[in-house]
Structure formats: structure tokens, C-alpha cells
Protein chains: 2
Amino acid sequence: MADDTKNTDQSVDFGILNNLVGYRLRRAQLNFFSKFSEVCSDLGISPGLFAIIAIVERNPGLTQTAVAQALGNDRSAMVAAVDKLEKMDILERRPAVNDRRSYALFMTKYGKKFFQTLSGRVMDHEKNMASRLESEQELEWLLKTLDILSQ
Amino acid sequence: MADDTKNTDQSVDFGILNNLVGYRLRRAQLNFFSKFSEVCSDLGISPGLFAIIAIVERNPGLTQTAVAQALGNDRSAMVAAVDKLEKMDILERRPAVNDRRSYALFMTKYGKKFFQTLSGRVMDHEKNMASRLESEQELEWLLKTLDILSQ
DNA sequence: TTGATATTGGTGTAATGCTAAACTGTTTAG
DNA sequence: CTAAACAGTTTAGCATTACACCAATATCAA
């Protein structure tokens with residue numbers, strides 16, 4: 001086997017791929033990403049930007065670097081992201097009180113309201129996906145398992 | 001709340017993010033990706049290239065477009081990938097027997113041996129990650145759940 | 001047969017995300 | 001005071017993705 005001359009393409013054998021957690025993770029994540037875009041693209045928010053907003057909303061006053069470390073991003077990638085969010089009037093940079101090198105990030109008044117709309121949509125999307133699972137326990141188990149695989 | 005002046009960054013509150021399947025999927029997938037790179041970077045194989053090889057190995061004779069469709073890639077992305085794999089003497093393009101537009105993809109003799117080495121490393125990596133789970137059943141359940149979330 | 005249409009491999013391009021290096025200004029340690 | 005470390009920024013390179021486009025070929029209806 002593995003030396004035929006033709007394949008009618010009716011059904012493709014994924015072989016080893018089907019049993020790889022890494023491959024299935026990628027497929028699932030791509031699906032979440034595209035669904036997220038459908039839900040939030042008109043708001044101009046990508047998953048990466050949403051994560052930044054969510055962190056700042058819960059942790060006002062963090063520096064750019066602190067947010068980057070929390071999310072596992074590179075510091076330099078924060079610049080364009082925060083620039084964009086500042087132009088959208090969602091976040092604002094304020095000079096850090098005791099360190100003139102750094103900025104502290106805060107939500108604007110509009111940003112706080114915007115986050116309510118945004119997180120509402122994201123939660124709807126999450127609940128929609130989670131409804132495919134069989135129980136609340138299964139969801140908890142999935143979250144825990146994904147966390148274990150993230151380290 | 002949400003209006004402090006300073007954050008000591010001792011511990012960041014991830015808020016809603018911690019309960020989002022989408023976010024945890026992304027973290028887990030990034031971790032798998034980086035571990036995969038550690039294991040296979042010296043062979044010059046990325047996860048995307050590995051998927052192509054795995055498909056061709058199990059389905060010799062598929063056209064480029066068929067492989068792209070199976071993996072959910074864009075056709076145009078296949079060109080550079082197959083070019084690279086042909087230069088590495090892993091795959092080869094042969095003219096399709098009944099369609100002069102298309103090429104059929106086959107493993108080379110060296111490619112078959114290369115795939116054994118490659119898939120061995122990938123399986124080691126997979127087993128290492130899967131060992132964090134509590135049972136074989138849990139792995140099966142995870143694969144099934146990720147598949148459900150991919151559609 | 002002819003002619004319209006679809007498909008395949010391929011090219012070019014733009015947008016994105018991720019990394020790494022280097023630079024300025026600032027803080028900290030010795 | 002000096003040297004090292006750090007924050008933000010810019011720039012570059014790289015891979016991935018998406019889209020429009022082309023030439024050659026295939027398909028199908030008239």
C-alpha cells in the first residue's frame with residue numbers, strides 16, 4: 001500500500017493526523033477564530049485585541065509590558081494594538097505615576113460601555129459553542145484539560 | 001472597582017478570559033505549536049508541512065487542490081509548500097494521468113523513510129502531552145470533544 | 001464541432017501575527 | 001558616577017492567510 005496510481009478523492013484518509021491532539025486543537029481553534037470574527041468583525045475587534053481589553057478592564061493601571069506578559073505576547077506587538085485601541089477610544093495611556101518610562105493603561109468611559117456590548121457577544125458565542133457539550137461538568141472538564149495542556 | 005490608580009502586577013485577574021473556551025484553546029494550541037517546533041525544527045518541518053506529508057503518505061496520487069481542500073488550506077498556499085517539500089526530496093509531482101492541468105503528489109523513497117523519523121518524533125511529543133491526562137479514555141474524550149468544536 | 005463556463009496550478013499582492021534586534025529615555029544597582 | 005537593566009518604540013524578517021488574476025485545460029450544452 002501507499003503506492004497506488006490514482007486517488008478518486010472521494011474520502012481522504014487522515015491517518016495519524018486524526019489521532020493528534022495538536023492537529024485537532026488547531027482545527028478547533030481556527031473554527032473558534034473564524035466564528036469570533038463573524039460575531040465581532042463589525043466592531044473591529046480581533047481575538048487578540050479582545051484579550052487586551054479584557055485584561056485592562058479587570059486590571060486598570062497595568063503597564064503595556066505587564067499586559068503583554070500576562071497574555072504571552074511580545075512587548076513590541078503591544079504598541080500597534082494599544083495605538084489602535086486608543087484611536088477607537090476604548091483605552092487610554094496615562095503616564096505611570098512613579099516611572100516615566102512606562103504608561104499605565106485604563107479604560108475610557110466609552111470603552112467600558114463598549115466592553116459590555118463586546119463581552120455580551122463573545123459570551124453568546126461561547127454559550128453557543130458550549131451548548132454542543134453534554135453538560136456543565138463537561139465544560140469545566142474541558143477548560144481544566146486545556147489549561148493542563150497549555151503549560 | 002475598575003478605577004484604581006496603580007496595579008502592582010503581582011497577580012493579574014484574567015476575568016472573563018479564564019472561562020472562555022476560545023482563549024484556552026488558543027493558549028493550548030500555541031503551546032503545542034512551540035513544542036512541535038522544538039521537536040521538528042531541525043528537520044525543517046512546520047505543523048502545516050507535517051499535515052501535508054501525512055495526507056500524501058496515506059493518500060498517494062492526490063492533487064494539490066485535493067490536499068488543500070482536505071486540510072482547509074487555500075490552493076495558492078500549496079504551491080510554496082509543495083515546492084519546498086519537493087526540494088527536500090520528500091514529495092514529488094507527477095503529471096496526472098487524465099488531467100494535464102493537475103499534478104499528482106507522491107512520496108519519494110527518501111520521503112517515506114523521512115516520514116517514519118518525523119512521525120516518530122511527533123508521536124513521542126503527543127504521548128508526552130497525553131501523559132498529562134488521567135486516562136486513555138480522557139484522551140479519547142478530548143479528541144472527540146475537539147472534533148465537535150471544529151464544525 | 002463549437003463556444004461558454006469552470007477548474008487547476010501558479011503568480012502576485014496585501015494584511016496579519018510573531019520574533020528578534022536595535023535605539024532612546026529612564027531607572028536601578030554597585 | 002558608571003554600568004546594567006528596563007519600558008516603549010521602530011524596524012525588519014518570516015510564515016500564514018486571503019484574494020484577485022492568469023494561462024492551460026477540461027467540461028458541457030447547443
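In what follows, every chain begins at residue 1, and chains take the letters A, B, ... in the order their sequences are listed.
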Contact class for A:Ser76 (heavy atom, under 4.0 Å): base, sugar-phosphate, or nothing?
base
Here's a test of your reading of the structure: between A:Asp83 and A:Ser102, which maps to the more 5' nucleotide of DNA chain D?
A:Ser102
Identify whether any heavy atom of B:Asp99 sits under 4.0 Å from a base atom; if not, whether one sits that close to sugar-phosphate; answer base, sugar-phosphate or nothing.
sugar-phosphate
Just the rounded figure in Å: distance from C1' of D:dT17 to CG of A:Asn31.
16 Å
Spacing between B:Ile52 atom CD1 and D:dT17 atom C1', to the nearest angstrom
13 Å
Within this structure, what is the CD1-to-P distance between A:Ile45 and C:dG17, rounded to whole angstrom?
11 Å
Are any of B:Gln64's side-chain N or O atoms less than 4.0 Å away from OP1 or OP2 of C:dG10?
yes
Charged N-O contact under 4.0 Å between B:Arg93 and B:Glu86
yes
D:dT27, OP1 or OP2 - any side-chain N/O from B:Arg100 closer than 4.0 Å?
no
Nearest whole Å is fine: how far is D:dA24 C1' from B:Tyr103 OH?
11 Å
Which listed nucleotide (D:dT17, D:dC19, D:dT16) is nearest to the side chain of A:Arg26?
D:dT17
Atom-to-atom span, CG of A:Leu49 to P of C:dT16 - whole angstrom:
10 Å
For a quick check, tell me whether the side chain of B:Arg101 and the base of C:dT7 share a donor-acceptor pair closer than 3.5 Å.
yes
Grab the CD-P distance between A:Gln29 and D:dT16 for me, whole Å please.
15 Å
Within 45° cone of A:Phe33 ring axis and under 6.0 Å: B:Arg26 NZ or CZ
no
With respect to the phosphate group of D:dT9, does any side-chain polar atom (N or O) of A:Arg75 fall under 4.0 Å of OP1 or OP2?
no
Would you mind reading off the distance between B:Asp74 atom CG and D:dC21 atom P, rounded to a whole angstrom?
15 Å
For the atom pair CD1 (A:Ile90) and NZ (A:Lys87), what is the distance rounded to the nearest 0.5 Å?
13.0 Å
Could you state the atom-to-atom distance from CG of A:Leu105 to C1' of D:dG8 in whole Å?
11 Å
Taking the six-membered ring of A:Phe106, is the NZ or CZ of A:Arg94 close enough (under 6.0 Å from the centre) and on axis enough (within 45°)?
yes
Under-4.0 Å salt bridge between A:Asp147 and B:Arg132:
no
Closest approach to the side chain of B:Val79, judged atom by atom: which nucleotide of D:dG8, C:dC18, C:dT11 is it?
C:dT11
